[in-house]
A.B. asks: 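Pasting a structure below so you can have a look.
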Amino acid sequence: MNSKVVTRFAPSPTGFMHIGGVRTALYAWLFARKHGGRFILRIEDTDKEREVANSIPHIIESLTWFGIEWDEGIDRGGPHAPYLQSKRLDLYRAYAEKLIAAGHAYPDPYSESELEALRNEAVGKKQPFLFRDHRPAKLSPWDGRQPLRFRAPRIARYEWNDLVRGRLSAGEEAIDDFILIKSDGYPTYNLAHIVDDIEMGVTHVMRGEEFISSTPKFLSLYEALGATAPAFATMPVILGPDGKKKLSKRDGAKDLLDYRAEGYVPEAMMNVLALVGWNPGTDQEFFSKDELIAAFDLSRVQVSGAHFDEVKLLTINQHWMRTLSDEEFIARGDFHDADREKLRAAVPLLKERARTFREARDMLAGELACLFEKPALNRGKLVAKEPADRPGMTKSALEGLLGLVQALPSDVSTGTVKETLMPLADAEEKKGKGGRGAVLWPLRYALSGQERSPDPFTLVALLGAAETVSRIRAAIAILEG
RNA sequence: GGCCCUAUCGUCUAACGGCUAGGACAGCGCCCUUUCACGGCGUAAAUCGGGGUUCGAUUCCCCGUGGGGUCACCA
């Protein structure tokens, strides 16, 4: 029974995908995987005016990066191909003819201006405009140039079950004679998605709450077609970062692939997105893809809207970056021309400090640049005693370091460096002149040229004894000069 | 405006009608550390308002308020 589950994600090619759409796709996909079912990617391109060029490959790239894979769909075919609605017009036409024959559909006889006049009249009387009040007395045959309308039944109260929200209902005003086929020959969403869901055997439909109020349309159309409606599951909205409104492209929602460019890993995106609107009922915060599939449950999907927290995303992204092997980290970090050997050595440092790959790249060019090139030292900085508790720098401290570093083996661990150098710093501390800082600050600055850097022992280990000696000598030279 | 959905810390959320309303992120403090970061420990922070049902409401019901959605030849 579980193996019969079929879900789908059916975006229209109107541009990029934002996290709201991706999350809906994620839940539909998780549900299919959880139940050993199939997941379909269908493209709903029935509005040729709003279509944006190249949307389809962009959507495919987005979902692929994100980590969702589909069993049938636009680019890989399947038993119900094609998965592009504009290539299925004959099918919608056949269903439309069936509806006409059964008396469930009729051609709209009004011109645009006539319809406009009727609508204005109703508005003038402060009445809601209902097309069904203006149905033509005599039905003329449909020539395919007029819009085809659904003859909506009058039902006092629609009620249905929602897998997330339970009992939902709507009054009879929720449904009017809506258009099935537009005058340009393309079906509307209302007809096309239902025909496809029937043909493709979709069992569970996940979608946003903006579809709740049009569900009566869908139910009555299923009934007119003599088909059983699938189960519905309504997803909560994802709200914009600052406002309370639904996240939308208009309000600056980001392209999913922008997150890739900013250095987020898809594991983190999936983890975070799954948790906006769903939770496992436990305290677990980190979920791998497989763990999500195992834990996902529609009954624990939230009913109210939620904000997407990019700060939390940073934390979770850092977690998933740290789970990568050093090789994967380098391969996925897009570090182009960095010195491979130094880069390899720097990875543990990057894993500790960077929350995104972009941050990691910035660090390599910024505070970690000293790993790759000699820093430019500045005499004023060398001797400055700012902030107040800074000890300043003495030639004797640097020379003491020099002696110890020269004795280090060429391949040395951070721990050994620390064991070797700390006694000098501790001795300085006993003298009470600036404490350990009297040694450690000069070392940090000589090696990094910066006031903020990784700890100096790590720097020595990464740079090697020879380079360390060279940099300390450079600092001494500046002090003397 | 009609209809529909919804309401727990700043944010994401947990809590068969029953412990001092729990966790995470962010915040704050302390420790570690001459810096930053990491890490450890700790701390502050919430049930929208009013009725009702009940021995007992975060939980169930009603009203109000706030927020959202929808009323297309868009999906």
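Chain identifiers are assigned alphabetically (A, B, ...) following the order of the sequence lines, protein sequences preceding nucleic acid strands; residue numbering begins at 1 within each chain.
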A.B. asks: When we call it a touch if two heavy atoms are under 4.0 Å apart, what does Arg322(A) touch: a base, just sugar-phosphate, or nothing?
C.D. replies: sugar-phosphate
A.B. asks: Figure out the CG/P separation between Asn279(A) and U8(B), and round it to whole Å.
C.D. replies: 14 Å
A.B. asks: Do NZ/NE/NH1/NH2 and the carboxylate oxygens of Arg135(A) and Asp177(A) come within less than 4.0 Å?
C.D. replies: yes
A.B. asks: Atom NE2 of His319(A) to atom P of C12(B): distance rounded to whole Å?
C.D. replies: 22 Å
A.B. asks: Distance check: side-chain N/O of Arg145(A) vs OP1/OP2 of C73(B), anything under 4.0 Å?
C.D. replies: no
A.B. asks: Is there a donor on the side chain of Arg149(A) or the base of A72(B) sitting less than 3.5 Å from an acceptor on the other?
C.D. replies: no
A.B. asks: Taking OP1 and OP2 of U11(B), is either one under 4.0 Å from a side-chain nitrogen or oxygen of His307(A)?
C.D. replies: no
A.B. asks: Which base sits across from G42(B) as a Watson-Crick or G-U pair, both distances under 3.5 Å?
C.D. replies: C28(B)
A.B. asks: Locate the shortest heavy-atom distance separating Arg132(A) from Arg154(A); write the atom from each residue and the value.
C.D. replies: NH2-NH2, 3.5 Å
A.B. asks: Once you round it to whole Å, what is the distance between C1' of C3(B) and CZ of Arg157(A)?
C.D. replies: 8 Å
A.B. asks: Expressed as a whole number of angstroms, how long is the span from Lys217(A):NZ to C71(B):P?
C.D. replies: 6 Å
A.B. asks: Using the test side chain to side chain contact (heavy atoms under 4.5 Å, CB included), find all partners of Ser453(A) that sit at least two apart in sequence or belong to another chain.
C.D. replies: Arg444(A), Ser448(A), Leu459(A)
A.B. asks: Got a salt bridge between Arg300(A) and Asp297(A), using NZ or NE/NH1/NH2 to carboxylate O under 4.0 Å?
C.D. replies: no
A.B. asks: Under 3.5 Å for both donor-acceptor distances, Watson-Crick or wobble: does U70(B) have a partner, and if so which one?
C.D. replies: G2(B)
A.B. asks: Compare the minimum distances between each of G68(B), G22(B), A26(B) and the side chain of Glu209(A), then state the nucleotide with the smallest one.
C.D. replies: G68(B)
A.B. asks: Answer yes or no: does a side-chain N or O of Arg355(A) lie under 4.0 Å from OP1 or OP2 of A26(B)?
C.D. replies: no
A.B. asks: Closer than 4.0 angstrom, basic N to acidic O: yes or no for Arg149(A) and Asp108(A)?
C.D. replies: yes
A.B. asks: How close or far is atom P of A37(B) from atom CG of Leu314(A), stated in whole angstroms?
C.D. replies: 14 Å
A.B. asks: Give the rounded distance in Å between these two atoms: CZ of Phe308(A) and C1' of C12(B).
C.D. replies: 11 Å
A.B. asks: Of the nucleotides C73(B), U70(B), A7(B), which has the atom closest to the Lys182(A) side chain?
C.D. replies: C73(B)
A.B. asks: Does the ring of Phe211(A) lie flat against the base of A75(B), closer than 5.5 Å centre to centre with planes under 30°?
C.D. replies: yes
A.B. asks: With a 3.5 Å cut-off and just heavy-atom distances, do the side chain of Arg436(A) and the base of U34(B) make a donor-acceptor pair?
C.D. replies: no
A.B. asks: Rounded to whole Å, how long is the line connecting atom CG of Asp309(A) with atom P of U11(B)?
C.D. replies: 10 Å
A.B. asks: When you measure only distances, ignoring hydrogens and angles, does the side chain of Lys312(A) come within 3.5 Å of the base of A26(B) through a donor and an acceptor?
C.D. replies: no
A.B. asks: What is the separation between atom CG on Leu349(A) and atom P on G39(B), rounded to the nearest whole Å?
C.D. replies: 14 Å
A.B. asks: Looking at Ser213(A) and C71(B), is any side-chain donor or acceptor paired with a base atom of the opposite kind under 3.5 Å?
C.D. replies: no
